[in-house]
Amino acid sequence: MSREGWFNLALAGLLVAFPLAAQAMDEPFLVTLATRAVILALAGVGLNLALGLGGLVSLGHAAFFGIGGYAMGILASHAQGYTPLAEWPLLIEGTKSMPVIWLVAVATSGLAALAIGALSLRTSGVYFIMITLAFGQMFFYFAISWPAYGGEDGLSIYVRNGFPGVNTLVPLPFYGLCLAVLALALMLCWQIARSPFGLALNAARQSAKRAETVGLSPYRLRLAAFTLSGAITGLAGALHADLNRFVSPAMLSWQTSGEIIVFVILGGTARLFGPVAGAGVFVALEHLLGELSDFWHIWLGLLLLAVVLFARGGVVGLVCGERRHG
Amino acid sequence: MSLLRLADVTASYGSAQALFGVTLDVAEGEAVALMGRNGMGKTTTIRTAFGLVRASGGRLDFAGQDLRRLPVHRIARLGLGLVPEGRRCFGPLTVTENLVAAARPGPWDFARATALFPRLAERAGQRAASLSGGEQQMLAIARALMTNPRLLVLDEATEGLAPLVRAEIWAAIGALKRSGLSILVVDKSLADLRRVADRGVVLERGRTVWQGAMADLTPDLAARHLGV
C-alpha cells in the first residue's frame, strides 16, 4: 500500500477511535465537535470533486450547502407545525425522516448545481469564480428576504430528525450516521476518480484542448462533476442543519463557500482524504484557538498562507509527499 | 469514397493569414502524406481540420459531414483521431489511465493497442510524464487509436526520436495502413513517407501546390518544393 493509503487508513481509524474515546471519557461535547468535523468534511468531499478532479474553483458552494440545510429546515418545520407544504395540486406534508430529507436535499441541491453549472461553466478562470460567487450571493439574499422561513433569523427545529433504527438524539449514534454517510461519499469519489468518467474529467482539467481532440466534451464532463459535487455538499448541508437543529442564511454566505475551499486546500487538493484532514484541522483550530481569542481566524489565515506557500499538497501532501495533482 | 476532404480552405491566426487555399483528399483505406517545408501550413491544416483553428473559407467535410461549425469534440467523435505534434499525453495519468480516458467502443481496445506497442503494456502503471520520448509517442498513437478513429492523423510522429524508436513507430504505422485504416501523416523523412503513403500533398505558403501518387513525386519535384 502507498504512503497515502496508510495515511487514509490512519485517518479513518482516528475518525472511529476519537469519538469512542471521547465517549469513554464522558466528553459528549467532543463527540459533537467530531460530528461537526465529519459533516464539514463531507461538504469538502463534495467540493473536491469539482475543485480537485475537475479544476473548477467554485466560490458558490455555500448555495448547495444552504439549499441542503433549508431542505431540512423547511420539511421539518412543516412537520413540527403540522402544516402541509402544499395542498394543491397535491398534498405535500413535511417530514421528520432523515432519509426523505436527505433525498430532497440531494435532489434540490443537485438541480441547483445543474442550473448554476450549465450557465457558469461557459466561463472559466476568474470569471467562473465570480459567477459562482454571484449565484451564491443570489441565494443568500433570497433566503434573507423570504419571511416565510425565518428570513434573517433562520429556522429552528425543536427535536433532531429521526433515522430508522438509530437514536439520533444521542451524540454518538448521530455521529456514526454522519460517518457512514461520509464513508459512502468517499467510496463514491474513489470509484469516480478511477472510472473512465473520472479519468476523462482529470484529462480535461489538464488540457481541455487535448481532451477535445480525443472526442471528450469538457463542458459536459464538468457539468456532471459540478452537479454531483453540489449534491454531495447539499447532503452535508442537511446534516449540518440537523446537527445544530438550526438553519440560517449564514449557511449560504460567501464566507461558508470560502471555508469549504479552505478545507480542501488545507487538507490537500484532489486527495481523497484531503477534505477530511482539512476539516479536521479547521475544527480543531476553531475549538482550541477559539477559546483563546475571538479573532482566531488570523491564525487560520497564517496557516493557510504557509500551506499555499510551502506545502502546496496540504496536510496529506506534507505527510505523503508525492503530488498527484498536475 | 472520400473520407476527409478539404477544398480551398483558408484560415488565419488573428490578423495573420496562414492558409491561402489548401486542397486535399483522403479516401477510405488510403494513406496520404502531407508535406512541405517548415512554416508552410502543415500543422495549421491539421488544426483547421479538427476545428482547433476555424476555417475562414473553403469547404471541409468528413464522410459527407460539414466540419466547419462542429465543436472540436464532435469532430473527433465523427472518427478523426489526432496524434498531435509534440506528443502531449496527459502527463500525471498512467499509461492505462491515458488510454481509458480516451476509449470509445470499437475494435481498438487496451489489449489491441498494447499489442501494437508491447512496451506500453510493460509501462501500464507508469505516469505518462515519466516515459521516454519514444514511449510517449507510442502512447499518443495508442490513445488516438483507442478513440476508434476512421482516419488517423499523425503530426510529426517521429520528430526528435532515436533511429531505432523511429523504425519501430514507422513499422507500426505501416501495420496500421495494411490493416486498412486511413492515415494522414506529416513527417520530415521523405524516404519513410514513400514506404507508407499512397499519395502526397505538398503545401507551400499555405497553399496546395502539388498532389499526386507518391511514385510521381520525382527527386526534381521534391527538391523544388521540399528542399531535399
Side-chain angles (χ1 to χ4, degrees), chain A residues 1-5 48 51-55 118 121-124 189-225 268-272 274 312-313 316-317 320-326, chain B residues 46-53 70-106 108-110 125 127-130 136 139-150 152-155:
Chain A
M1 199 155 63
S2 70
R3 230 164 126 178
E4 192 174 338
N48 202 21
L51 177 62
L53 208 54
L121 287 167
R122 295 179 192 283
T123 65
S124 62
C189 287
W190 185 64
Q191 287 293 342
I192 286 175
R194 295 152 19 111
S195 71
F197 163 70
L199 293 171
L201 181 66
N202 198 330
R205 187 199 71 237
Q206 290 166 40
S207 166
K209 275 264 151 63
R210 256 174 252 180
E212 278 182 280
T213 58
V214 293
L216 303 170
S217 162
Y219 177 77
R220 284 208 203 162
L221 291 165
R222 287 170 182 159
L223 185 57
T269 314
R271 307 280 192 156
L272 184 62
R312 298 284 296 270
V316 182
C320 309
E322 182 217 7
R323 269 170 65 86
R324 213 181 133 80
H325 189 242
Chain B
I46 288 174
R47 289 176 61 83
T48 309
F50 275 85
L52 292 163
V53 175
L70 287 182
V72 178
H73 73 273
R74 298 268 301 120
I75 292 177
R77 281 183 186 209
L78 285 177
L80 266 90
L82 178 65
V83 180
E85 190 179 17
R87 306 186 266 277
R88 305 187 200 279
C89 299
F90 299 115
L93 299 187
T94 65
V95 169
T96 310
E97 289 172 341
N98 262 277
L99 297 181
V100 171
R104 301 194 59 73
W108 283 98
D109 55 11
F110 185 78
R127 302 255 184 97
S130 71
Q136 287 190 28
L139 180 57
I141 296 173
R143 186 182 64 186
L145 290 171
M146 290 293 281
T147 68
N148 280 287
R150 295 174 66 185
L152 186 67
V153 181
L154 297 136
D155 193 359

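Order of the sequence lines fixes the chain letters, A, B, ..., with proteins taken first and strands second; residue numbering starts at 1 for each chain.
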Listed partners of A:Ala224 passing side-chain contact (heavy atoms from CB on, under 4.5 Å), at least two apart: A:Phe197
Exercise: identify the closest heavy-atom pair between A:Arg210 and B:Arg88: CD-O, 3.1 Å
Contacts of B:Glu85 that satisfy side chain to side chain donor-acceptor pair (under 3.5 Å) - sequence neighbours left out: B:Thr43
Pairing residues for B:Ser130 by the side chain to side chain donor-acceptor pair (under 3.5 Å) criterion, not counting sequence neighbours: B:Gln126
Heavy-atom contact with chain A under 4.5 Å, split by part of B:Ala144: neither
Test item: B:Pro92 and A:Gln206 side chains (from C-beta on) under 4.5 Å apart, heavy atoms: yes
Rounded distance (nearest 0.5 Å) linking atom CG of A:Leu216 with atom CZ of B:Arg104: 8.0 Å
From CD1 (B:Ile46) to OG1 (A:Thr213), nearest 0.5 Å: 12.0 Å
Most contacts with chain B, counted as non-hydrogen pairs under 4.5 angstrom, among A:Ala211, A:Ala204, A:Ala203, A:Ser207: A:Ala203
Among the listed options A:Pro196, A:Gly215, A:Pro218, A:Gly198, the residue most often paired with chain B at heavy-atom distances under 4.5 Å: A:Gly215
Positions in residues 72-80 of chain B that reach chain A, provided some heavy atom is under 4.5 Å away: B:Val72, B:His73, B:Ala76, B:Arg77, B:Leu80
